[in-house]
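Only a predicted model underlies this, so the values are computations on that prediction, with no experimental measurement involved.
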Amino acid sequence: PVSVDSFSTSTYRSAKYQAQMTAGTNYHAIELLLIHDGTTANLVQYAEVVTTSSLGTFDASITTGVLSLLFTPASATATTIKVIRDSINV
């Protein structure tokens with residue numbers, strides 16, 4: 001997995017993401033909602049749409065007070081990912 005965004009857990013408690021992935025002529029969009037307690041990140045994925053097949057999956061982890069949104073590509077094909085984050089302060 002690769003980190004596609006990160007933020008301090010002492011600054012933000014929750015975040016909503018809109019993500020768009022592209023691999024050649026295959027496109028994938030999804031919305032993600034996450035919240036954390038300072039130790040564990042909880043993530044839900046919804047509103048997913050793909051043109052051909054899924055381009056990957058998301059997860060989240062916290063290390064040393066930094067929450068990272070992680071993306072694991074479904075294949076070795078180069079995938080471009082763009083995200084928009086809307087965060088709410090602690």
Side-chain angles (χ1 to χ4, degrees):
V2 295
S3 177
V4 294
D5 189 46
S6 61
F7 59 84
S8 170
T9 56
S10 62
T11 303
Y12 301 111
R13 175 69 60 208
S14 63
K16 179 180 179 180
Y17 288 92
Q18 179 180 351
Q20 173 186 284
M21 291 77 67
T22 303
T25 58
N26 193 7
Y27 307 102
H28 183 174
I30 192 169
E31 289 189 359
L32 312 155
L33 186 63
L34 66 83
I35 193 164
H36 70 86
D37 61 7
T39 305
T40 303
N42 297 289
L43 173 73
V44 65
Q45 303 177 50
Y46 58 95
E48 184 172 22
V49 62
V50 299
T51 58
T52 305
S53 62
S54 174
L55 292 178
T57 58
F58 289 90
D59 198 2
S61 69
I62 297 175
T63 304
T64 319
V66 176
L67 188 147
S68 295
L69 179 66
L70 306 171
F71 177 71
T72 302
S75 72
T77 304
T79 302
T80 301
I81 180 166
K82 298 177 182 180
V83 298
I84 298 171
R85 178 183 54 163
D86 188 16
S87 309
I88 300 176
N89 294 343
V90 172

Nearest heavy atoms of [X] and [Y], plus distance in Å:
X     : Y     : answer
Thr40 : Asp37 : N-OD1, 2.7 Å
Ala23 : Thr79 : CB-OG1, 3.9 Å
Ser54 : His28 : OG-CE1, 3.3 Å

Assigning hydrophobic clusters by single linkage (Ile, Leu, Val, Met, Phe, Trp, Tyr; side-chain heavy-atom cutoff under 4.5 Å), is [X] placed with [Y]?
X     : Y     : value
Ile84 : Leu43 : no
Val4  : Leu34 : yes
Val2  : Val83 : yes

Listing, residues 59-77 side-chain donor-acceptor contacts under 3.5 Å, not counting sequence neighbours, or none:
residue, atom, partner, partner atom, Å
Ser75, OG, Thr77, N, 3.3
Ser75, OG, Thr77, OG1, 3.3

Would Ser53 and Asn26 count as a side-chain contact (heavy atoms from CB on, under 4.5 Å) here? Give the steps.
CA-CA 7 Å; Ser53 62; Asn26 193 7; 3.5 Å; yes

Just jot down the ring-ring contact (aromatic ring centres under 6.0 Å, His included) partners of Phe7, sequence neighbours excluded, or say none.
Tyr12

Under the ring-ring contact (aromatic ring centres under 6.0 Å, His included) test, which residues partner Tyr17, sequence neighbours left out?
none

Show your working on side-chain contact (heavy atoms from CB on, under 4.5 Å) between Phe58 and Ile81 and close with a plain yes or no.
CA-CA 11 Å; Phe58 289 90; Ile81 180 166; 3.5 Å; yes

Show which residues join Ile35 in its hydrophobic cluster (side-chain heavy-atom contacts under 4.5 Å, direct or indirect), or state none.
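Cluster partners of Ile35: none, it stands alone.
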
Qualifying side chain to side chain donor-acceptor pair (under 3.5 Å) pairs, either residue in residues 81-90, two or more places apart
Asp5-Arg85, Arg85-Ser87

Glu31: salt bridge (Lys or Arg N to Asp or Glu O under 4.0 Å) partners, not counting sequence neighbours
Lys16

For side-chain contact (heavy atoms from CB on, under 4.5 Å), just list the numbers for Arg13 and His36, CA-CA rounded to whole Å, side-chain angles, deciding distance to a tenth of an Å, and then say yes or no.
CA-CA 6 Å; Arg13 175 69 60 208; His36 70 86; 3.3 Å; yes

